[in-house]
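All values below were derived from every heavy atom in this structure, side-chain atoms included, with hydrogens, water molecules and symmetry-related copies excluded. Not measured: the values here are computed from a predicted model.
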Amino acid sequence: MRIITANVNGIRSAEKKGFFSWMKKQKPDVVCIQETKAQEDQLLQEDFYPEGYHCYYFDAEKKGYSGVAICSRHEPTRVIKGLGKGFEDMDAEGRFIQVDFDSKETGNFSVVSLYLPSGSSSEERQQVKFSFMDRFTKVLKAMRRQRREFIICGDWNIVHKEIDIKNWKSNQKNSGCLPEERAWLDKIFGSMDFIDAFREVNQEDGQYTWWSNRGQAWANNVGWRIDYQVITPGLKGTVKRAFVYKDERFSDHAPLVIDYKS
């Protein structure tokens with residue numbers, strides 16, 4: 001089972017750069033997309049609904065902002081758009097979509113496309129990010145209580161460890177690398193027993209998924225690993241291969257591709 005997650009920073013822009021053509025060649029089972037920056041009624045051409053896939057979009061109310069999507073080879077038994085009560089502010093920004101699969105062959109599992117808020121634009125947005133993190137912790141705990149496995153894909157906007165960022169020391173006071181943010185991931189990957197699927201099989205440094213558009217960040221691989229596939233402990237040992245695709249550029253992020261034992 002191949003799952004891809006990609007922040008496309010504008011799905012229409014990514015489509016013009018060949019994202020969907022590349023996607024189809026990968027033959028993924030599920031593709032999670034973040035930052036679509038479009039309303040579904042603006043995506044009328046069939047390119048945004050690749051043949052052989054069931055595609056679901058959850059837009060932000062504000063045009064040209066945020067938004068998530070999932071394309072699945074198999075039709076899910078259920079599609080959940082938004083997090084519901086207590087997350088009205090974040091649902092208005094289109095940050096969470098979940099597809100559920102239930103069958104005797106695969107068991108019960110869910111795939112999520114998540115776009116966690118960034119706090120880099122202002123202190124106010126950083127507080128929104130902290131608020132989301134606090135509330136989302138309860139969602140993660142509820143997931144662990146369910147009798148199903150989860151693969152939470154997306155742009156979490158936080159690096160976890162020093163290996164996950166090029167300039168560790170100089171970014172300690174910047175959103176995405178704050179001690180409080182990294183401690184939250186420590187908790188998720190620690191006492192809450194979730195697993196960073198990429199690091200299950202790939203321990204190399206220099207494996208980044210986002211590069212600033214400033215300077216020569218891409219050319220010099222001065223990046224951050226902020227895109228994840230986070231899995232529940234029942235899926236431990238199922239990751240076969242994980243890599244960041246960099247041969248083509250579709251946005252300021254690179255797609256994260258992970259193959260699982262089906």
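Between the side chain of R182 and the backbone N or O of C177 there is at least one donor-acceptor pair closer than 3.5 Å. Counting only distance, with no hydrogens or angles, the side chain of N202 and the backbone of E204 share a donor-acceptor pair below 3.5 Å. No side-chain donor-acceptor contact under 3.5 Å links E93 to the backbone of A60. The closest donor-acceptor contact from the side chain of N108 to the backbone of D102 lies at 3.5 Å or more, if one exists at all. Without hydrogens or angle criteria, S118 side chain to S120 main chain gives a donor-acceptor distance under 3.5 Å. Remark: the backbone N or O of Y57 is paired with a side-chain donor or acceptor of K81 at under 3.5 angstrom. A donor-acceptor pair under 3.5 Å links the side-chain atoms of T137 to the main chain of M133, judged by distance alone. Side-chain atoms of Y65 never come within 3.5 Å of backbone atoms of E35 as a donor-acceptor pair (strictly under, hydrogens ignored).
For the atom pair T238 OG1 and I195 CD1, the distance stands at 8.0 Å (nearest 0.5 Å). Q207 CD to F198 CZ: the interatomic distance, rounded to the nearest 0.5 Å, is 4.5 Å. Atom CE of M192 and atom CE of M143 lie 9.5 Å apart (nearest 0.5 Å). In this structure, NZ on K166 lies 8.0 Å from CG on D205, to the nearest 0.5 angstrom. With values rounded to the nearest 0.5 angstrom, I97 atom CD1 is found 9.0 Å from D59 atom CG. We find the CD-SG distance between E40 and C55 to be 9.5 Å, quoted to the nearest 0.5 Å.
The pair E61-R95 does not count as a salt bridge, with every side-chain nitrogen at least 4.0 angstrom from each carboxylate oxygen. A salt bridge between K169 and E162 is absent, with no side-chain N of the basic residue lying under 4.0 Å from a carboxylate O of the acidic one. A salt bridge does not link K161 to D186: none of the charged nitrogens lies less than 4.0 Å from a carboxylate oxygen.
Judged by distance alone, the side chains of D100 and Q98 do bring a donor and an acceptor atom under 3.5 Å apart. With no hydrogens or angles considered, a side-chain donor-acceptor pair links Q126 and E181 at under 3.5 Å. Judged by distance alone, the side chains of Q229 and Y260 do bring a donor and an acceptor atom under 3.5 Å apart. Side-chain N/O atoms of D47 and Q45 include a donor and acceptor closer than 3.5 Å. A side-chain N or O of T209 and one of D227 form a donor-acceptor pair less than 3.5 Å apart.
Applying the ring-ring contact (aromatic ring centres under 6.0 Å, His included) test between W218 and each of W210, W211, Y208, W224 identifies W211 as the sole match.
Applying the side-chain hydrogen bond (donor to acceptor under 3.5 Å, both in side chains) test to residues at least two apart or on different chains, the pairs with a partner in residues 191-201 are D164-R199, D196-R225, E200-K236.
The aromatic rings of F132 and F136 sit parallel to each other, their planes meeting at less than 30°, with 60° as the upper class boundary.
With ring centers used as reference points, Y56 lies 6.0 Å or more from Y49. You'll find the ring centres of F101 and H74 outside the 6.0 Å limit. For W184 and F130, the ring centers sit 6.0 Å or farther from each other.
Following chains of ILVMFWY side-chain contacts shorter than 4.5 Å, one can reach I3 starting from L235, so the two form part of one hydrophobic cluster. By the criterion of side-chain heavy atoms lying less than 4.5 angstrom apart, applied directly or through intervening Ile, Leu, Val, Met, Phe, Trp or Tyr residues, I258 is not grouped with V112; the two fall into different hydrophobic clusters. Tracing side-chain contacts under 4.5 Å through hydrophobic residues (I, L, V, M, F, W, Y), one never reaches V8 starting from V68; they form parts of separate clusters. Residues F150 and V139 share a hydrophobic cluster, clusters being chains of Ile/Leu/Val/Met/Phe/Trp/Tyr side chains in contact below 4.5 Å. In the hydrophobic clustering of this structure, F243 does not group with I226; members are Ile, Leu, Val, Met, Phe, Trp, Tyr whose side-chain heavy atoms approach within less than 4.5 Å, directly or through other members.
Summarising the local packing, CD of Q216 is surrounded by 12 or fewer heavy atoms from other residues, nucleotides or ligands at distances under 6.0 Å.
The side-chain heavy atoms of I70 and F58, taken from C-beta on, include no pair separated by under 4.5 Å. The shortest side-chain heavy-atom distance between D155 and L114 does not fall under the 4.5 Å cut-off.
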Intermediate values then yes/no, side-chain contact (heavy atoms from CB on, under 4.5 Å), Y228 and I152: CA-CA 8 Å; Y228 297 81; I152 308 164; over 6 Å; no
Test log, rule side-chain contact (heavy atoms from CB on, under 4.5 Å), inputs I4 and L256: CA-CA 6 Å; I4 296 172; L256 170 62; over 6 Å; no
Trace of the side-chain hydrogen bond (donor to acceptor under 3.5 Å, both in side chains) decision for N9 with K37: CA-CA 7 Å; N9 194 12; K37 290 187 172 181; 2.7 Å; yes
Stepwise side-chain contact (heavy atoms from CB on, under 4.5 Å) check, M90 with Y115: CA-CA 10 Å; M90 294 291 93; Y115 181 32; over 6 Å; no
From CA spacing to verdict: side-chain contact (heavy atoms from CB on, under 4.5 Å), F250, Y245: CA-CA 10 Å; F250 307 117; Y245 179 78; 4.0 Å; yes
Exercise answer: donor-acceptor pairs, residues 25-34 side-chain atoms, under 3.5 Å, sequence neighbours excluded:
from : atom 1 : to   : atom 2 : distance (Å)
Q26  : OE1    : R2   : NH1    : 3.0
D29  : OD2    : R2   : N      : 2.9
Q34  : OE1    : N7   : N      : 3.4
Q34  : NE2    : T5   : OG1    : 3.1
Q34  : NE2    : S113 : OG     : 3.1

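A254 and K246 make their closest contact through CB-CG, 4.3 Å (heavy atoms, listed as atom of the first residue, atom of the second, distance). Listed here is the closest heavy atom pair of R125 and P117: NH2-CB, 4.1 Å.
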